[in-house]
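Contents: one structure, followed by commentary.
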Amino acid sequence: MFSDIGPLEVLTLLVVAVVLIGPDKLPGLVSDTVRALRGLRELAQGARAGLRDELPPEIRDLDLTYLDPRDPPAGGRRP
């Protein structure tokens, strides 16, 4: 997701965050953001598990990763 961000960009973002938010409020904001992201991830995983449990057994383990638009096939359409 953030693999194209270099160390200079990360340092720039940290400096801007310290200037805008302040060094005393930054740790609390970071921990609140991390907590919210973890909660969203758990919510998504729970929804995915609930949906998988509701599917009929014949399609429950169907692999649909080849339909992921973020990973286009190299040689055309996959079967």
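Just so it is clear, the structure is predicted and the values come from calculations on it, not from any experiment.
Under the 4.5 Å side-chain heavy-atom criterion for Ile, Leu, Val, Met, Phe, Trp and Tyr, Leu26 and Leu13 are members of distinct hydrophobic clusters. Both Val34 and Val18 are part of a single hydrophobic cluster, where members link through side-chain heavy atoms under 4.5 Å apart. Residues Ile21 and Val30 share a single hydrophobic cluster, defined by chaining ILVMFWY side chains whose heavy atoms lie under 4.5 Å apart.
Residue Glu42 holds its CD atom at 7.0 Å from CD of Gln45, rounded to the nearest 0.5 Å.
Nearest heavy atom pair, residue Leu55 against residue Ile59, reads CD2-CD1, 4.1 Å.
In this structure, Glu54 contributes its side chain and Leu51 its backbone to no donor-acceptor pair below 3.5 Å.
Leu37 is not listed as a side-chain neighbour of Arg41, based on a closest heavy-atom distance of 4.5 Å or more.
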